[in-house]
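I have placed the structure first, in the form of structure tokens, so that the comments after it can refer back to it.
The chains referred to below are lettered A, B, ... by the order of the sequence lines, with proteins before strands, and numbering in each begins at 1.
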Amino acid sequence: MQIYQQKAEILRTEKFTGDIYRFSLKAPDIAAEARPGQFVMVRTGEGMDPLLRRPFSVHQVAEGGLVQILFKIVGRGTQLLSRMQSGKYLDVLGPLGQGFTNGENNQHFLVGGGIGIAPLLFLAKQLLKRNEPSAIKVLLGARTEDEIGILAEDFGSMGLEVLSATEDGSLGQKGLVTDLLVPINETRATVYGCGPYPMLRVVAGICHTKGWGCQVSLETIMACGLAACLGCTVLRSDLKGYVHVCKDGPVFNADEVAWL
Amino acid sequence: MQIYQQKAEILRTEKFTGDIYRFSLKAPDIAAEARPGQFVMVRTGEGMDPLLRRPFSVHQVAEGGLVQILFKIVGRGTQLLSRMQSGKYLDVLGPLGQGFTNGENNQHFLVGGGIGIAPLLFLAKQLLKRNEPSAIKVLLGARTEDEIGILAEDFGSMGLEVLSATEDGSLGQKGLVTDLLVPINETRATVYGCGPYPMLRVVAGICHTKGWGCQVSLETIMACGLAACLGCTVLRSDLKGYVHVCKDGPVFNADEVAWL
Amino acid sequence: MAVELPDLKINIGALRLNNPVMTASGTFGYGKEFASLVNLHRLGAIIVKGISLLPRPGNPPPRLAETACGMLNAIGLENVGLEKFLSDKLPFLLGIDTPLIVNILGDTLEDYQQLAARLDEEEKVAALEVNISCPNVKHGGVAFGTDPDMAYNVTKGVRQHFSRPVIVKLSPNVTDIVMIAGAVEEAGADAVSLINTVLGMAIDIEFCRPKLANIFGGLSGPAIKPIALRMVWQVADAVAIPVIGIGGISTPEDAVEFMLAGASAVQVGTANFINPKATEEIIQGLETYLTEKNMASVQELIGRARRT
Amino acid sequence: MAVELPDLKINIGALRLNNPVMTASGTFGYGKEFASLVNLHRLGAIIVKGISLLPRPGNPPPRLAETACGMLNAIGLENVGLEKFLSDKLPFLLGIDTPLIVNILGDTLEDYQQLAARLDEEEKVAALEVNISCPNVKHGGVAFGTDPDMAYNVTKGVRQHFSRPVIVKLSPNVTDIVMIAGAVEEAGADAVSLINTVLGMAIDIEFCRPKLANIFGGLSGPAIKPIALRMVWQVADAVAIPVIGIGGISTPEDAVEFMLAGASAVQVGTANFINPKATEEIIQGLETYLTEKNMASVQELIGRARRT
Ligand SMILES: Cc1cc2nc3c(=O)[nH]c(=O)nc-3n(C[C@H](O)[C@H](O)[C@H](O)COP(=O)(O)OP(=O)(O)OC[C@H]3O[C@@H](n4cnc5c(N)ncnc54)[C@H](O)[C@@H]3O)c2cc1C
Ligand SMILES: Cc1cc2nc3c(=O)[nH]c(=O)nc-3n(C[C@H](O)[C@H](O)[C@H](O)COP(=O)(O)OP(=O)(O)OC[C@H]3O[C@@H](n4cnc5c(N)ncnc54)[C@H](O)[C@@H]3O)c2cc1C
Ligand SMILES: Cc1cc2nc3c(=O)[nH]c(=O)nc-3n(C[C@H](O)[C@H](O)[C@H](O)COP(=O)(O)O)c2cc1C
Ligand SMILES: Cc1cc2nc3c(=O)[nH]c(=O)nc-3n(C[C@H](O)[C@H](O)[C@H](O)COP(=O)(O)O)c2cc1C
Ligand code: FES
Ligand code: FES
């Protein structure tokens, strides 16, 4: 697999509510190679502080060599990034890691929590190439409407059914996204989950119980994204060793990793 | 003496040729207190790298609480500064140090080399309050016209005679600014010098020979500007100890310091 | 309903401070330099530039160099000397209602003892901070702070000549800082403060020579914070006396980190240069942090990360 | 008129390198990880992740934390072990026309010797780099690299079992690195490389616990450059064997600084993470610098700042 380090021009920046931003980057090589669930490592500035690149899922690729990232301000790096303006260049490394694979089952559930929805749009497009829209459902959860409102519309316009849950009830059902999963009755299904660890743990548990396939995209702190620093470990399900999120993941079968 | 730490809005940025910039900052407290030859310490960014503030002479103060700095890009800090846009805020500390004093003599020569001209406009205005324009001459030197062209005009419009020397002959006489000083025949004069150390050394030598008063503005690397770190030392003329540029200077009588 | 502000008071042995934020020696002059920028009465304590028996001119310039998130200094312990400190600097400090801690340094054991004895006479001097990172001229210039026996002897000497709290300031340039801390505790120190600067250098590649005339200098600032924090953790684990954390502290969050690691108080150094109001902002920020965390006293922070 | 390019070749004992820029162990995987980003044939040498006799799983996560201009790692020396290195990683490296240096680590003297003996059989292994920052399990976990005798013994053992150049990699967490360097020189090391990471830590103030599961970790990156440079200067002053500089090197200017301080070559570590093309850019930049300075060979840089 080819990895590229590109100076990517920021062609467009969009600010959504809830401190969420979408950047469209001109990175043709990365756009050509990227697959849903893969990520890029981005420098958030030119100086040495903050030092490390930050990982972001490929949110979408689009015509003209565009790579989009969708991110939320949570600290200094994302703060700096959010202030960049179109016309500037970002140093982007990618595509990295193992993405989602097309589940064998006939029903596909895309489950995203908060900013975890980032890679699901790309995944949905990919799945639509091989599946009927009716075979794909999108389940989104967030604290409040702000965080997922726009994206919910994007999925809707692709002809997909979207179910939402918000903790404050401002969009969809009041509660957690996992609440939406529990009542579903399917014998053969694949769940693609992306979001905070506690949510993924519940998703993995539900899938295990129901006997569904379950792919989850995990996050850890990363230094290199290249399988070189060995810093991005999570415990294997056999508890006997570690997998590396940047190389073996970020997407794992839920039964590959330990849920602590 | 009162020192202020202010978040000063950048009201205007001007870019001159030769990587020289002039920023107009809204810093009323500093503007009210500052005297020619004093300086301010400016943070060049928000992060921790580069870490230290950078010292810049007060180039001018103007109506409405304005402080101007004139600076040249020479490294990372000035580079970062040059990219700031009006509307942003700079963290400015000042006014600091000892400025120029009004020489007792009837002739005043303002001698500036390169970006060293920065504090001389403010000084000229001050001197004009107590002296006839004919008693003040401005001698400017630079590698090429770019570096001093605009400023030469500013002095001219104040009714002052300006003599220039450039190394490439693009403005005024071809040669060094000190060449302009040598032929002058005055018995009682005060020279106010500002520029690179080698130039100031020559200026000090000429003044010594002619028996003129000589005030020079020195530069050193500074950490605090507050007489706290004791880092900004230069050797005293008696070779027995040090003076501190940020507290005892930056303007010194040429005979206070050693010329090595 | 009145909102209870969290209590910021802490004790360093017999020394009672209104809050745990002090100024690190050599970064705050003799206090007066910051008078127009900081409310000096608000500080936990003021620690002044290190004082020797006789005035010292310090090293030739250049004395400073900037590094990534840090700076190097080779001031060479320039100071006005004991007598001038007492006559010129102390009077201003007498007017400040904040504990004064005098940092002392010497070439020999006797130097330290004389300094301690004379400063003991000044009631305003609430405590001494003993800088043992200086070379012992009678021991071939090996720093007092790198040898447990020498560190013990200096501490003991000061202890015997000073009646109020003695803080010993440790050098990080050692294999085992715990061993040094143990030695000074045994010698009767009331507290240890750490770390002093880390020995470093920088080279000017245009002029092909070290950036500092002295070649080596002390590294300080955010760059050294992880090293300082580690040493504070190690020392707090090993000694029973209070530990004062120093090294790159620039924000309230930094101060909290050091206290969670086991520090009873902190000192702000290089940050004073970048943001002269740093100390006050840190005090304010500590209060905010405690309020958010529903903690009644800053003492609850001390060593908390070591207990979970 | 043909412009002469400056000569970048250097020797580390019997080891001949096309240029002085290597990859620091643990920051460049086993080479292959960077194959699509860097022209591996262009590097001075490739140093791979430290290898132990048996595979090691490493420490539990979190293993990383970012700090000001630096990072902490507590990987815990995770590696595939000697056999898997030979079977899975070496074949790819055989195809790269660049000297391969294998970094080795052990729990005991015997571990190091066995590694040396087995790797001596592989012609492709141009040199060994001996990581002595590891704890000696037979000596209560004190790191080999903090004690001159243990450092001497490890070096001697490896020396006796390996016929090509042996580089010993020094720990900075010591009072006197010159003493350790002297010991390994005496034991027959062909070169020393320094520095390994500086022990540090960071605390998460939200969760009130160390950011690393291992509590302590190794600090690397630009933050430590001044410390590394100082140690290179000190060691280059004291030993006759070549010194390889490591620590925060991210730009050609950084590499020049280390060579001016006395390093014969440099290693690029953390910078590979931030800018995977760093090594190539440094090689290119060295060439440019030499051209501008009218120097015919990179060897002219070595120790130049120490001679003026
Ligand atoms: C494979 C992968 C894909 C990701 N995709 C996206 C995405 O599409 N959109 C998005 O907004 N975010 C994504 N993230 C998370 C994103 O990388 C972090 O939010 C970002 O690095 C935080 O940087 P910061 O400097 O703003 O925060 P910091 O100041 O570094 O940290 C702020 C807080 O976030 C935590 N944090 C920092 N880095 C990470 C990390 N890598 N993983 C988890 N927690 C972290 C810190 O511990 C701290 O509590 C992804 C992470 C990974 C590993
Ligand atoms: C009292 C005083 C007043 C000054 N007034 C002005 C002014 O009005 N306009 C202006 O353009 N510059 C002025 N300077 C110089 C200015 O401070 C430096 O150019 C600036 O700090 C360089 O920062 P940098 O990050 O761009 O360069 P760096 O990357 O820090 O350094 C680039 C080069 O400049 C040298 N340098 C860095 N700081 C200083 C310094 N303080 N003095 C001398 N050399 C230095 C470095 O050694 C290096 O060679 C003044 C300096 C002092 C001390
Ligand atoms: C310019 C400067 C001068 C210093 N002078 C002294 C001193 O006289 N005595 C002393 O014990 N420490 C001195 N120090 C060390 C500081 O007090 C402090 O221990 C060190 O800088 C680390 O803290 P920081 O990273 O917050 O600066 C000095 C530090 C600097 C930067
Ligand atoms: C993630 C990581 C892993 C490392 N692993 C090793 C190792 O296995 N063996 C070793 O000798 N040094 C190891 N090091 C130390 C580096 O080789 C280097 O000495 C250190 O990082 C300082 O250089 P730098 O500042 O350029 O990174 C590692 C460093 C990092 C950051
Ligand atoms: S982030 Fe470096 S190995 Fe995964
Ligand atoms: S710059 Fe700190 S004393 Fe002058």
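- Note: B:Cys224 SG to C:Ile274 CD1 = 10.5 Å, rounded to the nearest 0.5 Å.
- The candidate with the highest count of non-hydrogen atom pairs below 4.5 Å against chain C, out of B:Cys232, B:Gly231, B:Gly225, is B:Gly231.
- Nearest heavy-atom pair across B:Gln2 and C:Ser36 is NE2-CB, 3.4 Å.
- The contact between B:Thr233 and chain C is made by backbone and side chain atoms together, counting heavy-atom distances below 4.5 Å.
- Residues of residues 46-65 of chain B lying within less than 4.5 angstrom of chain C, judged on heavy atoms, are B:Met48, B:Asp49, B:Pro50, B:Leu51, B:Leu52, B:Arg53, B:Arg54 in numerical order.
- For NZ of C:Lys124, the number of neighbouring non-hydrogen atoms (other residues, nucleotides, ligands) closer than 6.0 Å is greater than 12.
- Contact annotation for C:Tyr30: neither backbone nor side-chain heavy atoms come within less than 4.5 Å of a heavy atom of chain B.
- Annotation: side chain of C:Lys49 is in contact with side chain of B:Leu230 (closest heavy-atom distance under 4.5 Å).
- A 6.0 Å sphere centred on OH of B:Tyr89 holds no more than 12 heavy atoms belonging to other residues, nucleotides or ligands.
- Looking at C:Pro55, there are no atoms closer than 4.5 Å to chain B (heavy atoms on both sides), in backbone or side chain.
- Of the atoms belonging to C:Lys277, heavy atoms from both backbone and side chain fall under 4.5 Å from chain B.
- For the pair B:Ala228 and C:Phe28, the tightest heavy-atom approach, listed with the atom from each and the gap, is CB-C, 4.2 Å.
- When each of B:Val234, B:Leu235, B:Leu226 is scored by its heavy-atom pairs under 4.5 Å with chain C, the top score falls to B:Leu226.
- By number of non-hydrogen pairs under 4.5 angstrom with chain B, the leading residue of C:Ser250, C:Pro61, C:Gly58 is C:Pro61.
- Shortest non-hydrogen contact noted between C:Pro60 and B:Tyr242 is CA-OH, 3.1 Å.
- Residue B:Arg236 places its CZ atom among more than 12 non-hydrogen atoms of other residues, nucleotides or ligands, all under 6.0 Å distant.
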With side-chain contact (heavy atoms from CB on, under 4.5 Å) as the criterion, how do B:Cys229 and C:Leu64 come out once you've worked through the C-alpha distance, each side chain's angles and the decisive distance to 0.1 Å? CA-CA 9 Å; B:Cys229 76; C:Leu64 299 173; 4.2 Å; yes
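- Ranked by heavy-atom pairs shorter than 4.5 Å toward chain B, the options C:Asn79, C:Leu37, C:Thr67 are led by C:Leu37.
- Under the rule for a side chain to side chain contact (heavy atoms under 4.5 Å, CB included), the partners of C:Asp97 that lie at least two apart in sequence or sit in another chain are C:His41.
- Contacts with chain C (heavy atom to heavy atom, under 4.5 Å) involve no residue of residues 77-86 of chain B.
- Of the listed residues (B:His244, B:Met222, B:Lys240), the one with the most heavy-atom contacts under 4.5 Å to chain C is B:His244.
- With a 4.5 angstrom heavy-atom cutoff, C:Pro222 touches chain B only via side-chain atoms.
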Under 3.5 Å donor-acceptor pairs involving side-chain atoms of residues 69-77 of chain C, not counting sequence neighbours:
residue : atom : partner : partner atom : Å
C:Asn73 : OD1  : C:Ile75 : N            : 3.3

Walk me through it: do C:Arg63 and B:Ile221 pass the test side-chain contact (heavy atoms from CB on, under 4.5 Å)? CA-CA 8 Å; C:Arg63 292 180 173 186; B:Ile221 299 193; over 6 Å; no
